[in-house]
Participant: 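First the structure, then my questions, so here it is.
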Amino acid sequence: MIGAYTVGKKAVTFGYKRYGIPGAVASGGAALAGYLIVRRALKSSTSDGAVDSAINADGIQSAVEETGLSAVTEKETLDRVIDEEQIGTGFDMDDVQSSAEDETDEFADSTGGDDSSTGSS
């Protein structure tokens with residue numbers, strides 16, 4: 001699995017090639033925020049602090065690019081990007097989803113933005 005730096009870098013490159021500098025900023029920021037939201041939600045729902053290896057960052061990046069930051073609050077996305085076998089301890093996916101929704105709302109409130117797709121102009 002890959003980390004936050006790689007997710008941000010790949011998303012910035014994608015956004016730049018597609019939409020120029022504004023696209024790089026929007027795409028990179030949204031993908032990185034999505035990854036961090038899922039990581040924080042998963043950490044809060046498990047007793048194990050090492051959850052980075054259980055998160056498929058490429059899957060988060062793809063979901064955020066397709067439907068926006070709200071994708072990280074969908075159960076289907078979370079099921080696809082979290083490898084339960086990597087975590088080792090039991091966790092409740094509903095708790096992760098709830099935490100991700102709270103984190104997404106908090107992020108949107110603090111940035112003054114919405115959760116729309118980075119590709120819309």
Participant: Hey, does the side chain of Ser62 reach the backbone of Asp58 with a donor-acceptor pair shorter than 3.5 angstrom?
Facilitator: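 Between the backbone of Asp58 and the side chain of Ser62 there is a qualifying donor-acceptor contact (under 3.5 Å).
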
Participant: Does any part of the side chain of Asp94, heavy atoms only, come nearer than 4.5 Å to the side chain of Lys75, both counted from C-beta?
Facilitator: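 They are in side-chain contact.
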
Participant: If you look at every heavy atom in Gln97 and Thr73, which pair is closest and at what distance?
Facilitator: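 In terms of heavy atoms, the two residues are closest at NE2-O, 3.0 Å.
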
Participant: Rounded to the nearest 0.5 Å, how far apart are CD of Glu74 and OG1 of Thr67?
Facilitator: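 Glu74 CD to Thr67 OG1: 5.0 Å, rounded to 0.5 Å.
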
Participant: Carefully, step by step, assess Gln61 and Leu32 under the rule side chain to side chain contact (heavy atoms under 4.5 Å, CB included).
Facilitator: CA-CA 8 Å; Gln61 178 183 348; Leu32 184 58; over 6 Å; no

Participant: Using side chain to side chain contact (heavy atoms under 4.5 Å, CB included), reason through Leu69 and Ile37 one step at a time and then give a plain yes or no.
Facilitator: CA-CA 10 Å; Leu69 193 55; Ile37 287 169; 4.2 Å; yes

Participant: Can you give me the closest heavy-atom contact between Ala100 and Val72, atom names plus distance?
Facilitator: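 Looks like CB-O, 3.6 Å.
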
Participant: What heavy-atom pair brings Ile60 and Tyr35 nearest, and what distance separates the two atoms?
Facilitator: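 Smallest interatomic distance, heavy atoms only, reads CG2-N, 3.6 Å.
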
Participant: About how many Å separate CD1 of Ile55 and NZ of Lys43, when rounded to the nearest 0.5 Å?
Facilitator: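 The NZ atom of Lys43 sits 8.5 Å away from the CD1 atom of Ile55.
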
Participant: Specify the closest pair of heavy atoms between Gly34 and Val64, including all atoms of both residues, with the distance to one decimal.
Facilitator: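 For Gly34 versus Val64, the nearest heavy atoms are CA-CG2, 4.5 Å.
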
Participant: Which heavy atom of Arg80 sits nearest to which heavy atom of Ala63, and what is that distance?
Facilitator: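 Of all heavy-atom pairs spanning Arg80 and Ala63, the closest is NH2-CB, 3.7 Å.
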
Participant: Apply the test side chain to side chain contact (heavy atoms under 4.5 Å, CB included) to residues Leu42 and Ile82: give CA-CA distance (whole Å), side-chain angles for both, the deciding distance (0.1 Å), then the verdict.
Facilitator: CA-CA 9 Å; Leu42 191 56; Ile82 296 173; 4.1 Å; yes

